[in-house]
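In what follows, a structure is listed as structure tokens, so that the remarks can point back to it.
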Amino acid sequence: MEKFSPIIKTFQIPVRIQVFPYLMDHRFDNKVVLPAVEAMQVIAASLYENDQEFNPTVLKNAEFEKFFYLEPGSTDMEAFSQVDVLENGDIFTKLQTRIRTKSGIVRTKEHVVLNFSNREPLSTSITQNNQMDESEEFIEISPQKIYEELVPFGKAFQNIVQPLKIYKTGTVADVFAGNKIEGLNLLGSPFTLDASFHAACVWSQCFLGFIAFPVSITKRVILKPTVFGN
């Protein structure tokens, strides 16, 4: 069991989320939702702007708690990063918003929780956990069917570009990294990871019979940020 490291500093960083037109293509139940991958970019950018020595390459235990709804017609929305710095160098941060109820009570809503860790060299941070057997039978689903029926997002988020192979143990997809978007993209293009979430959503519909959304990431190591347009 890993030894608990005490918190040595706690602070908040104001965050202004720009609502670009392409985000209107990311909808659930007819409501525009900030993609989890975009929320990760927002948090990383806020930490970097606060401290230019911040390194986002090793991410652990990301949790996507509640949808962050975007208001159509708005140009930006306010939020904040709640940050805890640990003695061992880890950074825990939460993307939060405040809402005022009809009775006047102000409540805090937690959307995303991330833990950035810089204690391990990248070479030791990577673990091989690919148990998918590509020799087994698979189902093939076209991008058209995916984005018309299974993951009905708009054009900006239709980034599975070849038929998706669905195995019982995983999926294989060709994805487009999207067109260049504004802002500080420390984690590379968000569209590749977003497309992998789409593939997971299709897998769950094929084998579990329900629509699953990304709720957590145990570990993510960025050796080289993904490049837009590839």
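A continuous path of Ile, Leu, Val, Met, Phe, Trp and Tyr side chains, each step under 4.5 Å between heavy atoms, connects Val202 with Phe207, placing both in one hydrophobic cluster. Hydrophobic cluster membership is shared by Leu114 and Leu186, with clusters built from Ile, Leu, Val, Met, Phe, Trp and Tyr side chains linked at under 4.5 angstrom. Cluster annotation: Phe176 and Val37 are assigned to distinct hydrophobic clusters (Ile/Leu/Val/Met/Phe/Trp/Tyr, side-chain heavy-atom contacts under 4.5 Å, transitive). Residues Phe11 and Ile91 share a single hydrophobic cluster, defined by chaining ILVMFWY side chains whose heavy atoms lie under 4.5 Å apart.
Smallest separation of non-hydrogen atoms from Val175 and Thr192: CG2-CG2, 4.0 Å. Counting all heavy atoms, side chain and backbone alike, Pro190 lies closest to Gln41 at CD-NE2, 3.9 Å. Contact between Glu149 and Pro152 at its shortest, heavy atoms only, is O-CD, 4.3 Å. The two residues Thr169 and Trp203 come nearest to each other via the heavy atoms N-NE1, 4.4 Å. Taking both residues in full, the closest heavy atoms of Pro143 and Ile160 are given as CB-O, 3.3 Å, listed atom of the first, atom of the second, then distance.
Looking at Ser46, its side chain never comes within 3.5 Å of a backbone N or O of Ser81 through a donor-acceptor pair. In this structure a side-chain-to-backbone donor-acceptor pair under 3.5 Å is present from Arg100 to Gly104. Looking only at distances, no side-chain donor or acceptor of Thr171 sits under 3.5 Å from a matching main-chain atom of Ile166. In this structure a side-chain-to-backbone donor-acceptor pair under 3.5 Å is missing from Asn185 to Leu187. A donor-acceptor distance shorter than 3.5 angstrom exists from the side chain of Tyr147 to the backbone of Asn159, with no hydrogens or angles considered. Panel note: side chain Ser189, backbone Ala177; a donor-acceptor pair is recorded below 3.5 Å.
Atom-to-atom distance recorded for Glu63:CD and Ser216:OG is 6.5 Å, nearest 0.5 angstrom. Distance check: Glu148 CD to Ser142 OG gives 8.0 Å after rounding to the nearest 0.5 Å. Summarising the geometry, atom CG belonging to Leu59 is positioned 10.5 Å from atom NZ belonging to Lys219; distances are rounded to the nearest 0.5 Å. Between the NZ atom in Lys60 and the CG atom in Asp90 there is a gap of 6.5 Å [rounded to 0.5 Å]. To the nearest 0.5 angstrom, Arg107 atom CZ is 13.0 Å from Thr97 atom OG1. For the atom pair Ile7 CD1 and Asp84 CG, the distance stands at 4.0 Å (nearest 0.5 Å).
You'll find the side chain of Phe191 reaches within 4.5 Å of the side chain of Tyr22, heavy atoms only.
Few gaps surround CG on Asp29; more than 12 heavy atoms of other groups in view lie less than 6.0 Å from it. Open room surrounds CD on Gln144; 12 or fewer heavy atoms of other groups in view lie less than 6.0 Å from it. The local environment of CD in Glu110 is crowded, with over 12 non-hydrogen atoms from other residues, nucleotides or ligands closer than 6.0 Å.
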Quiz item: For Tyr167 and Phe138, what are the C-alpha separation, side-chain angles and deciding distance, and is it a ring-ring contact (aromatic ring centres under 6.0 Å, His included)?
Solution: CA-CA 5 Å; Tyr167 300 84; Phe138 62 87; 5.3 Å; yes
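Ring geometry, His26 versus Phe157: the interplanar angle exceeds 60°, so the pair is classed perpendicular (tilted spans 30 to 60°). Between Phe64 and Phe197, the two ring planes are perpendicular [angle over 60°; tilted spans 30° to 60°]. Between Phe213 and Phe67, the angle of the ring planes goes over 60°, which puts this pair in the perpendicular group of the 30/60° scheme. In this structure, Phe68 and His111 have tilted ring planes: the angle between them lies in the 30° to 60° band.
Ion pairing of Glu78 with Arg16 is present here, as a side-chain N (NZ or NE/NH1/NH2) and a carboxylate O approach within less than 4.0 Å.
Of the candidates Val15, Val83, Ile13, Thr93, Ile43 forms a side-chain contact (heavy atoms from CB on, under 4.5 Å) with just one, namely Thr93.
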